[in-house]
Amino acid sequence: MNAKERNGLTAVWDFFCSLKLTIILLILLAVFSIFGTVIQQNLQPAQYREIYGETTYQFLNSLQFFDMYHSWWFFGLLGFFSINLISCSIKRLPRVLKIVKNPVLTPDDTLYRTFSNLEEALVKTPAPEVRDRTAALLKREFSAPVITEKDGKIHLFAQKGAYARFGVYVTHLSILIIFIGAIIGSLWGFKAFVNIPEGKAANKVLLRSGATELPLDFAVRCDDFSVTYYPGTNRPKEFKSLLTILENGQPVSEQLTQRPIIVNDPLTYKGITFYQSSYGPAGDPVFNVRVRVRETGETRTYNIRQGQRVELPGGDFFRVAAFTPSFQEFGPAARLEVFPSSGPPRAFNVLQAHPEFDARRRGEFIFSLLDYQQSYYTGLQVNKDPGVWVVWAGCTLLILGSLIAFFLSHRRIWITIQPVGEKTGIKFGGTAHRNQPGFELFFDDFKKKLKKEISS
Amino acid sequence: MTSAQLFNFVTVAYFGAMVLFVVFLPTRSKQIALGATFLAYVGFAIHTVAIGLRWYESYQLPGGVGRAPLSNLYESVVFFAWTILLVYLLIDLKYKQRAVGAFVIPFAFLGMTWGQLRLDQSIDPLVPALQSNWLTYHVITCFLGYAAFAVACGVSIMYLIKEGKDGGESRSDSPAGGVLSLFPSTRILDDINYKAIMIGFPMLTLGIVTGAAWANYAWGTYWSWDPKETWSLIVWFIYAAFLHARFTRGWVGRKAAWLSIVGFGATIFCYLGVNLVLSGLHSYGGS
């Protein structure tokens with residue numbers, strides 16, 4: 001490698017280590033992230049064509065703007081960001097390690113001149129005595145010092161909170177750990193869903209990507225699904241499914257038999273988690289309809305499905321043509337059709353909440369909707385994410401690291417004692433790598449105590 | 001006495017404090033500054049009681065409605081104003097720079113006014129997705145973060161005004177005269193800006209992490225690039241850039257102040273704009 005190549009390499013290395021690059025990358029990430037919140041993500045191509053027109057659609061699609069957080073260029077930006085983060089840490093970490101592991105034990109005047117907290121004093125107390133008292137004071141008020149005697153001078157060095165310097169690196173590492181967790185999740189995990197009608201079991205789920213089926217090595221049975229509402233409102237209070245996990249047709253355990261799952265309380269089995277996600281009607285409801293003949297008062301009740309034609313007393317027919325669980329503010333309502341043996345069919349509504357309402361129609365028969373049974377399916381989100389614990393570990397480190405980096409500081413005090421003629425000269429200084437004003441207060445106080453301690 | 005009445009008193013107190021802080025700037029009267037600070041404390045105390053009362057009231061409603069008052073847009077804006085006062089008073093205790101109040105209290109006053117005049121104040125029961133302890137942790141951490149950013153933004157505006165007027169050369173003791181002489185020195189403003197973001201950033205991080213944990217628990221995905229999530233990350237990127245700018249020559253001072261203001265703009269968009277302009281998982285309940 002010649003000098004020119006080496007210069008080139010150094011330039012590349014310096015480029016990746018630069019904090020300016022970090023700032024620019026963070027701003028770029030922020031700016032590009034905005035696009036994905038303005039352009040709706042993962043719609044159907046037809047929807048995009050409608051919004052943007054063919055040319056703009058083609059252009060944006062070629063740049064993967066419709067799934068931009070998974071586009072090559074967004075991953076590229078994150079990759080760039082990771083490299084920058086790693087390079088910065090590699091460059092700075094050894095220096096920090098050196099500061100912490102091999103502190104300067106014999107400070108010279110040049111070092112002392114760099115301190116903004118600096119003090120000198122001249123006392124009559126002999127040097128060894130000053131040394132012992134100072135060491136004791138440091139141990140009491142700060143931390144135990146390292147004492148080095150060299151060239152007739154006595155140096156004391158004490159430090160506190162050295163680990164505060166590593167907060168930054170913990171934070172950086174945690175971001176990489178979160179990335180690794182996300183990668184593990186996308187490589188070895190899946191996101192799927194399954195709809196299970198009440199009373200039925202499912203042993204495969206539908207993957208969200210590509211909608212292919214994924215067999216499970218166990219089955220999930222939905223024993224019941226229910227929605228409850230806050231009293232007097234249409235506001236749902238709880239969506240609840242009772243699930244049973246089956247292997248070879250048998251429930252696997254007591255706990256996983258008719259286990260209720262609700263929106264914020266999923267079920268996990270063999271690393272696969274089932275979340276209450278949606279619901280819907282499974283098949284047609286069964287209606288319980290009472291018919292009273294107006295003249296005779298004879299009543300008959302029917303259990304019928306929607307569309308099923310049944311015979312009325314006297315030979316006419318009727319059916320439930322349509323149904324809604326909430327008709328305006330009246331609750332469940334059915335639309336009935338009566339087919340007389342001669343003449344056109346007649347259609348009218350009956351309300352479950354008002355069983356005698358139909359009497360006002362003055363028809364030959366009085367119809368009442370007594371009840372209906374609707375069976376449901378439960379919609380479950382089915383996920384496996386082996387990386388999620390790595391992500392949580394990363395998040396914990398991220399918070400710990402940033403708290404350490406922001407709120408703790410590495411504080412150091414140096415003291416040099418040397419005989420000056422009959423007297424003893426003492427020089428001391430200190431620094432903090434963060435929160436200097438706080439350290440200044442401490443140091444001023446320490447200064448007074450030290451002078452008092454050695455002068456008496 | 002209902003919580004709604006108390007919140008009206010709070011709004012009035014913040015209005016009084018804001019006016020007094022503004023009057024303080026030209027008059028330089030210590031008494032006025034003291035009165036303003038006193039009103040801010042009184043408002044904050046009533047505010048705390050009112051939030052507690054609304055919490056209690058929710059338990060008095062029929063049908064198991066009781067929950068912490070942190071779940072709809074009105075409650076969030078009231079809580080946001082409370083956290084702004086909390087962070088402001090903490091910073092006031094440490095720095096005693098009364099002029100800062102004139103640039104921070106207006107955020108709290110605006111929030112309270114908007115909430116009291118324009119938003120639906122009914123206590124609605126929680127839909128299933130919101131019935132989680134994560135809600136409380138998520139909302140508290142996010143809004144403490146937002147509040148710290150609000151204070152940082154107010155201070156950054158002061159910084160730019162001060163620096164624009166006397167070229168950044170001033171010290172607090174310089175006889176610059178006029179309103180600006182009451183402003184803390186640019187050095188102190190810069191320091192408060194940094195300290196506020198130092199509080200806000202870990203809080204925002206916690207807010208994002210608790211939100212992710214909750215999403216994972218409720219839906220099975222800790223991150224889905226929903227617009228609200230993405231915007232919180234955008235805010236995080238901006239303040240991360242700000243923090244790194246502190247250690248880079250050429251990025252301190254004015255640029256840092258601008259980053260802080262842009263960051264708060266993004267924060268407000270994340271909080272309100274996403275719900276009003278974009279769509280996603282966070283459409284506030286009831287609206």
Side-chain angles (χ1 to χ4, degrees), chain A residues 18-20 22-31 33-34 36-38 40-42 67-70 88 171 181-182 185 191 227 230-233 235-240 262-266 273-277 381-385 388 391-392 395-396 398-399 402-403 405-407 437, chain B residues 62-65 124-135 191 198-199 201-202 205-206 208-209 212-214 216-223 225-228 230-231 233-245 247-251 259 262 266 274 277-280 285-286:
Chain A
S18 115
L19 261 178
K20 276 211 175 99
T22 313
I23 297 168
I24 290 163
L25 281 174
L26 283 168
I27 292 174
L28 280 180
L29 278 167
V31 170
S33 296
I34 295 173
T37 68
V38 178
Q40 275 198 294
Q41 300 289 293
N42 297 309
D67 189 16
M68 67 148 274
Y69 301 111
H70 304 101
C88 276
T171 310
K191 292 190 195 316
V227 193
Y230 286 101
T233 68
R235 221 179 152 81
K237 183 178 186 178
E238 188 178 77
F239 304 113
K240 183 164 79 179
I262 58 174
V263 173
N264 269 298
D265 189 11
T273 309
F274 297 84
Y275 301 84
Q276 181 66 58
S277 159
Q381 170 79 20
V382 186
N383 284 1
K384 182 179 169 184
D385 189 347
V388 75
V391 171
W392 296 146
C395 288
T396 312
L398 176 63
I399 288 159
S402 54
L403 289 179
F406 289 139
F407 296 109
Chain B
V65 170
D124 288 321
L126 293 181
V127 296
L130 293 181
Q131 295 167 16
S132 169
N133 286 334
W134 287 110
L135 172 70
D191 189 44
M198 229 169 69
I199 299 170
F201 190 73
T205 311
L206 257 177
I208 294 174
V209 169
W214 181 14
N216 189 55
Y217 204 59
W219 296 296
T221 329
Y222 52 83
W223 196 261
W225 295 104
D226 154 85
K228 191 86 162 184
T230 310
W231 269 95
L233 191 66
I234 290 168
V235 172
W236 193 88
F237 283 144
I238 295 174
Y239 286 109
F242 172 91
L243 291 169
H244 288 85
F247 310 111
T248 315
R249 204 164 294 155
W251 277 83
L259 265 180
V262 169
V274 171
V277 182
L278 309 169
S279 60

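Chain naming here is simple, since letters A, B, ... match the order of the sequence lines and numbering starts at 1 in each. Computed over heavy atoms, backbone and side chain alike; hydrogens, waters and symmetry mates excluded.
Interface residue B/N216: backbone and side-chain heavy atoms are both found under 4.5 Å from chain A. Heavy-atom distances place no part of A/A405 under 4.5 Å from chain B, backbone and side chain included. No part of B/W134 comes within reach of chain A, as not one of its non-hydrogen atoms sits under 4.5 angstrom from that chain. Contact annotation for A/F407: only side-chain heavy atoms (C-beta onward) come within less than 4.5 Å of a heavy atom of chain B. In this structure, chain B has no heavy atom under 4.5 Å from any part of A/L25. If you measure heavy-atom distances from A/V391 to chain B, the contacts under 4.5 Å come from the side chain alone. With a 4.5 Å cut-off on non-hydrogen atoms, B/L243 touches chain A through its side chain but not through its backbone. The contact between A/I23 and chain B is made by backbone and side chain atoms together, counting heavy-atom distances below 4.5 Å. Proximity to chain A (any heavy atom under 4.5 Å) is shown, for B/A266, by neither the backbone nor the side chain. If you measure heavy-atom distances from A/T22 to chain B, the contacts under 4.5 Å come from the side chain alone. Of the atoms belonging to A/N383, it is side-chain heavy atoms, and not backbone ones, that fall under 4.5 Å from chain B. At a 4.5 Å heavy-atom cutoff, the contact between B/F201 and chain A is made by side-chain atoms alone. Contact annotation for A/I262: neither backbone nor side-chain heavy atoms come within less than 4.5 Å of a heavy atom of chain B. If you measure heavy-atom distances from A/Q381 to chain B, the contacts under 4.5 Å come from the side chain alone.
Atom OH of A/Y230 sits about 9.0 Å away from atom CD of A/E238, to the nearest 0.5 Å. With rounding to the nearest 0.5 angstrom, the CG atom of B/N133 is 9.0 Å from the CG atom of A/N264. With rounding to the nearest 0.5 Å, the separation of NZ in B/K228 from CD1 in B/I208 is 12.0 Å. Between A/M68 atom CE and A/N42 atom CG the span is 11.5 Å, to the nearest 0.5 Å. Taking CZ of B/F237 as the start and CG of A/L29 as the end, the distance is 4.0 Å to the nearest 0.5 Å. Separation of atoms OH (A/Y275) and OG1 (A/T273) is listed at 4.0 Å; rounding is to 0.5 Å.
Between chain A and the options B/V262, B/L206, B/I238, B/L259, heavy-atom pairs under 4.5 Å are most frequent for B/L206. Of the listed residues (B/W231, B/Y217, B/W225, B/W214), the one with the most heavy-atom contacts under 4.5 Å to chain A is B/W225. The candidate from B/A218, B/A241, B/G220 with the greatest count of non-hydrogen atom pairs under 4.5 Å with chain A is B/G220. In terms of heavy-atom pairs under 4.5 angstrom with chain A, the leader among B/P202, B/A129, B/P128 is B/P128. Top candidate by heavy-atom pairs under 4.5 Å with chain B, chosen from A/V31, A/L19, A/L26, is A/L26. Interface check for chain B: of the options A/S18, A/A182, A/S33, the most heavy-atom pairs under 4.5 Å are formed by A/S33.
The local environment of NZ in A/K240 is sparse, with at most 12 non-hydrogen atoms from other residues, nucleotides or ligands closer than 6.0 Å.
A donor-acceptor pair under 3.5 Å links the side-chain atoms of B/Q131 to the main chain of B/L126, judged by distance alone.
Inter-residue side-chain proximity for A/I34 and B/I234 is flagged as met; some heavy-atom pair is nearer than 4.5 Å.
Scored by the side-chain hydrogen bond (donor to acceptor under 3.5 Å, both in side chains) test, A/T171 finds no partners at all (sequence neighbours excluded). Qualifying salt bridge (charged side-chain N to carboxylate O under 4.0 Å, His left out) partners for A/D67, counting only residues two or more places apart in sequence or in other chains: none.
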Working note: B/W219 + A/S277, criterion side chain to side chain donor-acceptor pair (under 3.5 Å); need CA distance, chi angles, decisive distance, verdict. CA-CA 7 Å; B/W219 296 296; A/S277 159; over 6 Å; no

